[in-house]
Amino acid sequence: MNTSTPWVLRDYAFLGDGERGAVLSPRGEVVWLCAPRWDSDPVFSALVGGPGEYVVCPEDGWHVWGGYYEDGTLVRLNRWVTVETVIECREALAVPSTPERLVLLRRIRAVRGDARVRVLLRPCPGFGRHTVDLRRADEVWYGSGGGLQLRWTGAAEADHAPGGGLRVHIAVREGDHHDLVLEIATRERGTDPAEPDAERRWRATERWWRERVPGCADLPAGRDARHAYAVLNGLTSSGGGMAAAATTSLPERADTGRNYDYRYAWVRDQAYAGIAVAAHGPHPLLDSAVSFTTARVLEHGGDLRPTYTVSGGPVPEQRRLPLPGYPGGSDRVGNRAAGQFQLDTFGEALQLFAAAARHDRLDGDARRAVAVAVAAVEDNWLRPDAGVWELEPRWWTHSRLSVVAGLRALAAELPGSPARRWSELADGVLAETRRRCLRPDGAWARAEDDRGPDAALLIPLHRGCVPRADPSVARTHRLIERELSEQGYVYRFRHHEEPLGAAEGAFLLCGFMMAAATHLLGDRVAACRWFERTRAACGPPGLFAEEYDVAQRQLRGNLPQAFVHAALLESAVLLSRG
């Protein structure tokens, strides 16, 4: 049983420590948290209709909510205004973190008036398959279940709640605060022998964020760009793997079956994030992306998978769970994309390596991975693939142009004998792609057997697969703007004869890439319009999902979508260059 009711996606906030993430409602409910890792089963799964929640909210139900992230962090301040009081709850997953243990910090503060809050902790590991036996020793609660150990401090007066879990009412005097610390660890590792000290954890967390997130005052929308850095850091594990999103099964379109598990690391998304960071500077996230991608390329070569767990392991087969799911969706875990061949994954990896080379961030392993990836392209570029949108195998134009962009970028950054071979390979791929996929009007078609436009083509075109003066750049740009955009938003492609917006939402990655491509063509004013329109497609916490329902002004899909935040950052950097 849970007491949560769903909110629209734009209202949810996200806490992340790199190893896992929590989703937080405006009511003060942690409705999603997997432990110990991104792809582990959740302890709290109310977001998708499962059991388990952790609530901190005012006793007075007559209140309005608000909140914000502290600048450059994923430290969230939930704020509630009642008739007589103002209450804040400062929330964070403590960092630095480890894969085996998480610490969730919640600090209740009475800003105006004496605060009274209601607290409920109901852990249900394994989508509720396991129970947690909670018992108190001195002033600390302990529990175990589903291979996990829990410790909860700050709630010594709690008692057992009907339906399971613990409940307590906490009073805080005006100007004071009260800390709650929840620790969840694997049974093998166990909890820290020392009782977690809230003040020390808060100071370490603040210091970690200061060190990890660079200033962005030089960029348009600098606060949002810095927030994008924070989101990408919160999604990136200590081993370098970046989760594509924190959640599973949040629907892209109600009741259409288009809901997927995004708690894994896509090599493509990893490259997008690294390329975006490299555009701004040689920050630590660039090294994380290169390290993870290098390891996967060296391990699997031409058999490189599109997606892995954040630790580099295989992604499980997709399966359904007996849960209601988020409204309009159905609950599922695993992802079948892991078994696909996606040629553009190699192209994006090559572009990432080139971006790292520009900052002299390629070590010996990464240079070996370059050679392996180029060899894989040589062997496979004529082969049909599933493409960036993970569809049926076809001769997708975007995949070939992504490879060309990667080869050209490498040749520019690593001159010498191999560079000549890379350039020759790029010329050959481009010539054949031009023969098969260039439309009679001089714009690039979606595929050899599909003359329609595809907004994904904006990515390799703005990254230099052909010179910017090549007529196909401007012609493709005009085609996409004419046929795949409405009201300042960009859609991926047309679904048969359906109107834009009827089949799916605007695709926010494409909106930011349209801004970058427009800037490349020299129209800075229009580029800024695309950028600002797309940037507006978020909720109050400033988080982006994959898609945006323009008519209803609602987010669609899993949250937060890493590659959208990466695209915001990359386009902001490009726009800053005048």
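Each residue takes its place number in the sequence, starting with 1.
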Tyr12 vs Leu555, test: side-chain contact (heavy atoms from CB on, under 4.5 Å). Steps then yes/no. CA-CA 11 Å; Tyr12 285 108; Leu555 299 179; over 6 Å; no

Any chance you could lay out the salt bridge (charged side-chain N to carboxylate O under 4.0 Å, His left out) test for Arg203 and Glu206, step after step, and finish with the verdict? CA-CA 5 Å; Arg203 287 197 301 268; Glu206 293 160 0; over 6 Å; no

What's the verdict on side-chain contact (heavy atoms from CB on, under 4.5 Å) for Val374 and Arg421, showing C-alpha distance, side-chain angles and the deciding distance? CA-CA 10 Å; Val374 170; Arg421 183 168 63 86; 3.9 Å; yes

Before you tell me yes or no, could you show the steps for Val490 and Trp530 under side-chain contact (heavy atoms from CB on, under 4.5 Å), namely the whole-Å CA-CA distance, both residues' side-chain angles and the distance that decides it to 0.1 Å? CA-CA 9 Å; Val490 182; Trp530 289 111; 3.6 Å; yes

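Between the His462 side chain and the Ala515 main chain, no donor and acceptor come within less than 3.5 Å of each other. The backbone N or O of Ala349 sits nowhere less than 3.5 Å from a side-chain atom of Thr293 that would complete a donor-acceptor pair. Asn335 contributes a side-chain N or O that, together with a main-chain N or O of Asp261, makes up a donor-acceptor pair within less than 3.5 Å. No donor-acceptor pair closer than 3.5 Å links the side chain of Trp381 to the backbone N or O of Gly428. Side chain of Asp344 to backbone of Gly347: no donor-acceptor contact under 3.5 angstrom is found. Distance alone, capped at 3.5 Å, is enough to place a donor-acceptor pair between the Thr476 side chain and the Ser472 backbone. In terms of modelled atom types and a separation under 3.5 Å, the side chain of Thr236 and the main chain of Met242 share no donor-acceptor contact. Looking at Thr307, its side chain does come within 3.5 Å of a backbone N or O of Ala265 through a donor-acceptor pair. The backbone N or O of Leu575 lies less than 3.5 Å from a partner atom in the side chain of Arg524, making a donor-acceptor pair. No side-chain donor-acceptor contact under 3.5 Å links Asp454 to the backbone of Arg446.
Aromatic rings of Phe507 and Trp389 (six-membered ring for Trp) have centroids within the 6.0 Å cut-off, being under it. Ring to ring, Tyr308 and His300 are close: their centroids are under 6.0 angstrom apart. The ring of His519 has its center no closer than 6.0 angstrom to the ring center of Phe531.
Taken from CZ in Arg535 to CD in Glu532, the straight-line distance is 4.0 Å, to the nearest 0.5 Å. We find the CD-CZ distance between Gln351 and Arg268 to be 11.5 Å, quoted to the nearest 0.5 Å. From Asp427, atom CG reaches atom CG of Leu407 across 9.5 Å, with rounding to the nearest 0.5 Å.
For residues 467-478, every residue pair satisfying the salt bridge (Lys or Arg N to Asp or Glu O under 4.0 Å) rule, not counting sequence neighbours, is listed here: Arg434-Asp470.
Side-chain N/O atoms of Asp39 and Thr309 include no donor and acceptor closer than 3.5 Å. In this structure, a donor-acceptor pair under 3.5 Å is present between the side chains of Asn558 and Thr247.
Not counting sequence neighbours, the partners of Pro99 by the side chain to side chain contact (heavy atoms under 4.5 Å, CB included) test are Glu19, Arg37, Ser238. In terms of the ring-ring contact (aromatic ring centres under 6.0 Å, His included) criterion, residue partners of Trp266 (sequence neighbours excluded) are, by chain and number, Tyr262. Checked against side chain to side chain contact (heavy atoms under 4.5 Å, CB included), Ala412 has no partners two or more places apart in sequence or in another chain. Residues that satisfy the side chain to side chain donor-acceptor pair (under 3.5 Å) test with Arg533, not counting sequence neighbours, are absent from this structure. Partners of Ala369 under the side chain to side chain contact (heavy atoms under 4.5 Å, CB included) rule, at least two apart in sequence or in another chain, are Thr294, Val297, Leu298, Phe353.
When side chains are defined from C-beta on, Phe14 does not count as touching Leu24, because their heavy atoms never get closer than 4.5 Å. A 4.5 Å side-chain heavy-atom check between Phe563 and Glu546 finds at least one atom pair inside the cut-off. Side-chain contact check for Ser402 versus Cys465: every heavy-atom pair is 4.5 Å or farther apart. Side-chain contact between Tyr264 and Pro306: absent, with no pair of heavy atoms (C-beta onward) separated by less than 4.5 Å.
Ring geometry, Phe341 versus Phe346: the interplanar angle falls from 30° to 60°, so the pair is classed tilted. Note on ring orientation: taking the six-membered ring where Trp is involved, the planes of Tyr229 and His283 are perpendicular (angle over 60°, cut-offs 30° and 60°).
With a 6.0 Å radius and a threshold of 12 heavy atoms from other residues, nucleotides or ligands, Arg336 has its CZ atom at or below the threshold.
A salt bridge does not link Glu252 to Arg556: none of the charged side-chain nitrogens sits closer than 4.0 Å to a carboxylate oxygen.
Under the 6.0 Å distance and 45° angle rule, Arg400 counts as a cation-pi partner of Trp395.
Considering every non-hydrogen atom in both Ala545 and Leu559, the closest pair reads N-CD1, 4.0 Å.
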